[in-house]
Each structure stands twice: as structure tokens, then as C-alpha cells.
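On a predicted model such as this, the values are computed, not experimentally measured, just so you know.
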Amino acid sequence: MIKCEIFFSEDDELSEFEVQQKEWRGDIIVKIANRLFMPKVITPYRLYIDFCDAVNEGSLYNIDPKLILVEKTDKTTIINILLKLVEIGYFSKMRSVDLKEKYAHVFSKFQELKNWVRVY
């Protein structure tokens, strides 16, 4: 199995509750070797809601290529899905990110991986 680490920006009861209520999570880092990836997980229902909102506003819904559909957005489900994706080589098809570049203008504390919470 490929060695990986998984990080969230926060890992407490409040953030877990909020993630489950909104049915998506975008503050995820998967570290494989020295490369960092930032997938986003979303439930099919939330994807449908977002799609309908875009249609109702008269715009197109642009699906983020880093989007991963999950049954639910609890921590355990997210980690298990990400580990399965690591196992099948999913992240080899994804572009890695540079935290300094991604958070250059906002949330500067997240420019360093040490400021993220390791959950796996």
C-alpha cells in the first residue's frame, strides 16, 4: 500500500457537525510522497442542490475536476474513500498543489502543512 497522510484544516466537533450539515468538505490535503493534493468531497444530494441553484440563476454548473462523490461527509467515510482512491492510483491523475501559492493572499496560516491537523 502507498504511504499517505490526510489532513483537515480543522478537526473538532463543531467543524465535523458543519461539514455534515453542508454535505461537502474542501479543506482536505492528501500527502503522497512529497506531493500535496486537495480533493473536495460532496454528497450527490449537495451536488444536485448546487446544480439546481446554478440553473435557477441562469448559469452553467461547472464541476470541479477534484470533486469526489461520497455517501456522507463524516470523517471516517472521507478517510476511507480517500485511502481507497490512493490505493487505485487516483491521485496520480490529479495536479498537486503548492500551499504557499494557494494561500498566498488569504488564510496565510494554511501555507504551512504543520498548521493543518493530521487525521490519518
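I81 and L69 sit in two unconnected hydrophobic clusters of ILVMFWY residues. Membership requires side-chain heavy atoms under 4.5 Å apart, directly or through other members. Hydrophobic clustering (ILVMFWY, side-chain heavy atoms < 4.5 Å, transitive): W24 and F37 are in distinct clusters. In terms of hydrophobic clustering, with Ile, Leu, Val, Met, Phe, Trp and Tyr side chains grouped at heavy-atom distances under 4.5 Å, V119 and F17 are assigned to different clusters. With hydrophobic clusters built from ILVMFWY side chains whose heavy atoms lie under 4.5 angstrom apart, I78 shares a cluster with I88. The hydrophobic cluster containing L47 also contains V55, counting ILVMFWY residues as joined when their side-chain heavy atoms lie under 4.5 angstrom apart, directly or transitively.
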Checklist entry - Does the side chain to side chain contact (heavy atoms under 4.5 Å, CB included) test come out yes or no for I42 and D64, once each step is laid out? => result CA-CA 11 Å; I42 191 169; D64 187 328; over 6 Å; no

Item to check | D12 vs S15, side-chain hydrogen bond (donor to acceptor under 3.5 Å, both in side chains): CA-CA, chis, key distance, verdict | outcome: CA-CA 6 Å; D12 55 33; S15 62; 2.9 Å; yes

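Under 4.0 Å is where a charged nitrogen must lie from a carboxylate oxygen, and between E112 and K100 at least one such pair does.
Rounded to the nearest 0.5 angstrom, R35 CZ and R95 CZ are separated by 10.5 Å. Expressed to the nearest 0.5 Å, how far OH of Y61 lies from CG of D53 amounts to 9.5 Å. Rounding to the nearest 0.5 angstrom, the gap separating the CG atom in N115 from the OG atom in S9 is 11.0 Å. Rounding to the nearest 0.5 Å places NZ of K75 at 12.0 Å from CD1 of I28. Atom CZ of residue F51 and atom CG of residue N56 lie 9.5 Å apart, to the nearest 0.5 angstrom. The line from CZ of R118 to CG of L113 is 10.0 Å long, rounded to the nearest 0.5 Å.
When all heavy atoms of G89 and S92 are compared, the closest pair comes out as O-OG, 2.6 Å. Nearest heavy atoms, V117 versus E10: CG2-CA, 4.3 Å. Nearest heavy-atom pair, M38 versus G26, reported as atom, atom and distance to 0.1 Å: CE-O, 4.2 Å.
Using a 4.5 Å heavy-atom cutoff, the side chains of D74 and E16 are in contact. Between L82 and F91, the closest side-chain pair of non-hydrogen atoms falls below 4.5 Å. Using a 4.5 Å heavy-atom cutoff, the side chains of L83 and I6 are in contact. A heavy-atom distance below 4.5 Å is found between the side chains of C4 and Y120. Contact of the R46 side chain with the K22 side chain is registered, since non-hydrogen atoms from C-beta on lie closer than 4.5 Å. Considering only heavy atoms from C-beta on, F110 stays 4.5 Å or farther from L99 through its side chain.
No donor-acceptor distance shorter than 3.5 angstrom exists from the side chain of T43 to the backbone of K72, with no hydrogens or angles considered.
Annotation: cation-pi geometry satisfied between R25 and F8 (NZ/CZ under 6.0 angstrom from ring centroid, within 45° of ring axis).
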